[in-house]
Every structure is written in structure tokens, then in C-alpha cells.
Amino acid sequence: MALTLESELLVEDSDNERPKWDNKFQYLLSCIGFAVGLGNIWRFPYLCQTYGGGAFLIPYVIALIFEGIPLFHIELAIGQRLRKGSIGVWTAISPYLGGVGLGCFTVSFLVSLYYNTILMWVLWYFLNSFQHPLPWSSCPLALNRTGFVEECQSSGAVSYFWYRQTLNVTADINDSGAVQGRLLVCLAACWAVVYLCVIRGIESTGKVIYFTALFPYLILTVFLIRGLTLPGAKEGLVYLFTPNIQVLQNPRVWLDAATQIFFSLSLAFGGHIAFASYNPPRNDCEKDAVTIALVNSMTSLYASIAVFSVVGFKATNDYGHCLDRNILSLVNAFDLPDQSISRDDYAAVLSHLNATQPTRVAQLLLGSCRLEDFLDKSASGTGLAFIVFTEAILHMPGAPGWAVLFFGMLFTLGLSSMFGNMEGVITPLLDLGVLPRSVPKEVLTGLACLTCFLTALCFTLQSGNYWLEIFDNYAASLNLIVFAFFEVIGVVYVYGMKRFCDDVQWMTGRRPGLYWQVTWKLISPLLLLSIFVAYIALLARKPPSYRAWNPQYEQFPSRQEKLYPGWVQVTCVLLSFLPSLWVPAIALVQLFAQRRIQKQQDMDPQLQGGHAC
Amino acid sequence: MAKAALSGGWIFFPRLPCVFYWERMFWLLFFLVPAIHTQLCQPDGENAFKVRLSIKTALGDKSYVWDTNEEYLFRAMVAFAMRKVPNRETTDISHVLLCNVTKRVSFWFVVTDPLKNHTLPAAEVQSAIRMNRDRINNAFFLNDQTLEFLKIPSTLAPPSDPATPIWIIVFGVIFCIVIVAITLLILSGIRQRRRSNRGPSESLQILLFTQENGVHPIFFSAEASHSYQVLVK
């Protein structure tokens, strides 16, 4: 009884001033929008295809059940219970764990920087899609107008548009180059859009989320239908989903499945804690956690079907062009009538000519055309979106319309994830009371967005793409695993499993069952520890390198593999573990503060009774 | 054909009832001239150009058959192009020679001078063809890719660049909308705050705590956005 009254009091105190969701659907959409992001479109299909197709789903589902859903439930429950952002929650659980909150805040800030930079590129492509023919369909002419620009001729029009006309990338990370004006204005526009949406916290994001969370699903469905009706889609899907069980023996597969689940659900950012803190206190967070995690995984599968039907179409197209090029060489060299060799006859005619006139055929230097080679050329990340998919769109009838839809979908997907990132930054600042209460919330969000914009200007330099890869690979990965580990340990062992289960029972009406207790107490911490160790082993195995776009390279258009210079390697290492240092730092600060208060209390007995913070 | 003319000439020569030396010369030249003609046009010959047509690729079902009439038209177009060059206005169809026509369809051609004893320089022919390329293409319903003159590069059409790139226009529209929306939201927020500061009496919130001895009402003001709420335990 006393426990319940205490809980009610704790809730009423802050209830009046804390914003709330308009309805449950808004909250679910915000969490889904945060979890479903660009990675669902361009990372999961690539992993699925690389690691044996349908067989990859086995480690993926296992990771979801034993790591993803338990951690997610903890985050939602703790946020809903303690009704504060990440910093407040961890300080409330134990002052020694305040560093976890600060670390989550730092990582959210770093991720916001580079995530919005990707949206800047998406916006640039979106703006350029409103014309026919699309600018990446043909190379620009050289100065004497008898041929195309040489760099473009070797690399292809689509890659040229990405590396030269968008990024204007330098050949080396040391060479920073100048700030690109067109990217700068796109970045300003992106941050203006983000500010417009988060200007009043969840009051404003709650209205926009209906569009930004649901629009991608609509477009994904349209692309799915279009993709499945394209020729060659079947080959792409068969290639994607053909299971290869042998691949499961490679431990790398399990590591990648675990990390994919972890980052796909956006765990340990503090964003979900912030969203859950705006919930009414009695809300079934267990059902929410399972629902959102399942929706996220279903979206990944759905997206990979759409993506791979388009990739299959592109591969079939490229294979046809390869055959056509070889046929043309044969027809021209042997003076056969125009169009006398069809694609089906090619193999027979080639073997006949090889048997009768092998030297002449050898002189032609015909490349071999195999469909598997073209299907293998799939990519992940920005390579998939800005090179492979844009090229596939060129061959679809009505290309500008498809380009507009595709980049609009990517933009809204990324935007809804940005809301979660910004909540992970703004809610702790609000709870900490960084600015006096009289200052309106719009000012705080404005300052946060402005700071992020100014810091992200470094990504608009010509070497910005290389820096973004560094941030993407090192800023979030290790730190989030550390924070998630401390989250589980903090809730289960410091807050207390029994106390936590009582809270969950109060909120949902059911006590957490055996599955939850076993995963929280044992399986998830062990899994996180092993992922952490495996990740460090993987990173330390070879010196970090990057692939540079260098037109002077002998094997151009292949990208040149270069090692990071010393100072960049130092930056990578710092990015990897500096945010984690908040945890021991705050713990030590608290320890010294406690010792000082203890000493003061020992010296002056009248001061006893004041409780330690 | 050259060999036949030559050998034919020599075969006839001793048999001709030629009385005069001039007659013999005349008959010799009569058979040698076509021989020299065809020697002027040879694959990889001096000032010769190879042409390749891909009629079926360009026209599909509507493609025509390449026969001697089409060759005549081609020679006429080349002669037309040459007539536009200063000092070459008297070029005739018979000055354009074709040879080695294959089933591909491809062939070689040269343009000879009026005396038909040497070919015109390649540079002149090249510039003439380049100037009139689209007239020649149109005569055959083909384009630069399906009617190829090997060794004569075609001038590529300049891309249609509008004065303002389209992305700037779309960007301007989007950015203006966003800025206007932000301004409106900020202004409405300021107005809301001013209204709440002016009327505190409308926004009292009454919280009732049940304790062991009766009800203790506690008054405090909150933001105008919250309506009356009465919590009774």
C-alpha cells in the first residue's frame, strides 16, 4: 500500500509539467519511426545476401529473441517508470551510474551529426530528381564536345555524379578541400526541417510522425509492386533468399546478426527512454516492446524483398548489355548481318567461331558475361542507395517519378530516426535544467539544432565522406554495447530485479515471466560481453583502412585501399571509447563527493540526516 | 574486277585489228581506267573511310534492304556534302567510289578528283561529312550511332542546360516553406505564452490529496494548456 502511494506521488509530481502523447498510436509510431531507419533498407538486405540468404534469418531471430527484445523492454519500462530522459533515469537508479546517461547523450549527439549529413545527400538527390533526363543518366561533355569527360568515361555516369558532382571528393583524407556550397545549403535546409519538427518536443514531432512514419511504408509497397513486375526480379529474389546453411559456421555471421539487431532497434541511445517517459504511468510496455521489435524486423524483410527485386532487375539488365556488347564486337569483326545473333544464340555462335577462327576471336578481347557476377555486385550503405539503386531507376520507365519517390522515402525514413536522436539529446538537457525555466523550449531546441549544424559543417568538406565513414564505424558501435551492458547490469543488479519486476507489474498488470528474468539476469549481459570482446578483436585485427576515390589510380574505377594516417587513427580510437569514459568518470566523481560528505558528517555530527545525493 | 579488266585488256590487245598506235592506246586506256578506279577505293586505302550501318537496330520492322539504289543515294549525299566545300563545287556522283560492301552492312568509300586519278585529302572529306552529318543521317532515317563513319568523330549535342539549375528552384520552394512554418510556430508560441501570463486565474489547478485527516487542497498555477483536473483518491 505504501509502495503504491509512493508511486502515485512520484507520478503526480512531475505529471503536470511533463508533455504527453496525444494517443498511444502516436507513441508507437514514434518508436517505430526511430527504430526503422536507413539501416533497414540498406544494411539488412546486404547482410542477408552476403551471409547465405535465408540462413541468415536464423542467427537474426535468435539475436532478436535473446538480446533485442529483452533490452528494449528494459529501456521502455525504465523510462516509463522513472519518467525522465536518459541522464535523469540513470542518476535516479544510482548516482554512480549517471555516466551512462551522459554517455548515451554524447553518442546521440555524435550520431545526429552524421545521420543528418546522410539526409543532406538524400535531399540533394531528391532536388535533382525533378528533371528529365536525370542528371546521373549521362556524362557531361568534355570541353571540345567530341567526347565525354574522361573521369566519367572510365567510372560510369552514376558513380561520377555521386563522387564528383555531389561530393567532389578528394583522393586522400589528409586533403580536406573546400566546403561545398551546394551541400552547405542542403545541410542548412535539413537542419531547418529537423528544427521545424522538433521545435516543441513531442508536441510537434507527434503531429509530423503520422506522415514520416507511414509514408515510407506506402512507398515501399509501391516499389515492391513495381519491383516484382520488373524482368529479372525473380533472379534477384532467388539469389537473396537461397539458404546456404554452411555459412552459419562462420562466427562473423553471428556477430553481424547480433550487432544488426542491436543497432537496428536503436538501443542504448536514450531516445526510447525519452519517448517512454512521456507515457501515462500505467501502460503495457511489455506488449509495446514486443510489437515494435517485431514491426522493425518485418520492415527489414519487407524492404529487402523490394530492394532485391530491383537489384535483380538491374543485374539482368547489365547482363543483357554485356551480351549485347559482345555480340556487337562479333558482328562488326566478322561482318555478319546486323542483329543476326540473338542473346540466346550467342553462346552457340561464340563456340562455333572459337572452333573455326580462334585467333580472330581472341583478338577481340571479349569479356565473360555471367549473371551471378552482376548479382554479386550488390552493395550496402550509401553505395546501394546512391549508385546501385539510382542506376536501376534509370532503366525504369518514368525514371524521374521513381527517383522522387525513392529519395522522398529515404528522407522521411531518416527524418523519423532523427526525431529519436534529437529526443535523446534534448530531453536530458531539459531534465537537467541547462537553461532557466523561463526560457521557452523553442530556444533550447533551436540552440541544439544550431550547434549540431555548425559542428556538422566538417562533413561538407570534400573529404567529408571519409570522415562520415569513420563516424559511422567507430562513434556508435563499441560505446553503445558498453552502455547497453551497464543498462542491464544497472537495472537488474543495482536497481534490483525484484523492485524492477514489482514496477513492471504495477505498470502492466502482469509480473515478468521466466523468459524475461532469465534473459535479463543472464543471457543478455553475457551476450553483450561476448559481442564487445568479439568486436574489439575484429577491430584490432588489422590497421583501419579506407577506400579512396582516386582518378589517378592505375586500377581506377576500383577504389584505392589506403591506411588511415596516424592522427586519424588516434581520432578513431578516441571516438570509440571517449563517450564510454563518462561511466567511470562520473562514478569516480560521485565516489569522491560521497567521501567528502562522509568526512564532513564525521567531523560535524549535526550535519547528519541530510541524505547523500 | 581489276584483274579481269587488265587481263581482258591484254587478251584483247594482240587480237585487236588495230591499225594505228593511237587505237591501241585508246583500247588500253578503256580497260585500264576502271581498273585504276577500283584501285583507288580499297579497304585501308589512302583517304578511304569505312562506313557501317545498323539499319535493323535503328528501324526494326520498318527496315529497308541495302541495295545498289541505296548505294546510289549514299554516293549522292557524299557528293552533295563535297559540293559545299569551296573549290569542290563540281563534285559529281561518279567521283564517289564505293567498294567492299558486306552483309553487315559496311563498305569503304573515297572521293576522287574530276580527272579520277587521285583521291581527295581525308581532311577535306572529313570536314565536309561533319558539316552535313545530320542531312546524311536523315536521308537514311538513321542517327550518329547507327550510321557510323569510322574515324570521323561526331560533334555531340550540347546538353540542354536551363539558365537556373532545377534543383535550386525546388530547394528555394522547400526552404521558403520551412522558414515560414518555423516563423509561424515561434510566433504562435510567443502569443500563447503572453496569453498565459495575462490570465493566471483561469488556470488554477486543484490537487486534492487524501491523507488520514480530511482533504487539504493545494493551489498552484500551471500552464494554460492544461485544463481543469481534479484528482480524487
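Reminder, nothing fancy here: chain letters follow the sequence lines and each chain counts from 1.
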Do A:Val331 and B:Arg104 come close enough that some side-chain heavy atom pair is under 4.5 Å? yes
Determine whether B:Arg52 and A:Asn332 make a side-chain contact, defined as any pair of heavy atoms from C-beta on separated by less than 4.5 Å. yes
Pairwise side-chain contact, B:Pro165 with A:Arg182, heavy-atom cut-off 4.5 Å (strictly under): no
In Å, rounded to the nearest 0.5 Å, how long is the span from CD of A:Glu442 to CD1 of B:Ile182? 11.0 Å
Is it the side chain or the backbone of B:Ile55 that comes within 4.5 Å of chain A heavy atoms, both, or neither? backbone
Over 12 non-hydrogen atoms of neighbours within 6.0 angstrom of OH in B:Tyr64: yes
Heavy-atom distances under 4.5 Å only: say whether B:Ser106 touches chain A with side chain, backbone, both or neither. side chain
Proximal component of A:Gln131, with respect to chain B [non-hydrogen, under 4.5 Å]: both
With a 4.5 angstrom heavy-atom cut-off, which part of A:Phe334 approaches chain B: side chain, backbone, both or neither? neither
Going by atom types only, do B:Ser188 and A:Arg200 share a side-chain donor-acceptor pair under 3.5 Å? yes
Sub-3.5 Å donor-acceptor pair from the side chain of A:Asp338 to the main-chain atoms of B:Thr57, do we have one? yes
Quick one: what part of B:Phe171 sits under 4.5 Å from any heavy atom of chain A, side chain, backbone, both or neither? both
Give a yes or no on this: more than 12 heavy atoms of other residues, nucleotides or ligands lie within 6.0 Å of atom CD of A:Gln153. yes
Is any side-chain heavy atom of A:Phe130 closer than 4.5 Å to one of B:Trp167? no
Could you check whether any side-chain heavy atom of B:Arg193 comes within less than 4.5 Å of a side-chain heavy atom of A:Pro440, counting everything from C-beta outward? yes
Other residues, nucleotides and ligands only: do more than 12 of their heavy atoms fall within 6.0 Å of NZ on B:Lys103? no
With chain B as the partner, which of A:Ile199, A:Leu123, A:Val185 has the greatest number of non-hydrogen pairs under 4.5 Å? A:Val185
Side chains of B:Ile174 and A:Leu127: does their closest heavy-atom pair fall under 4.5 Å? yes
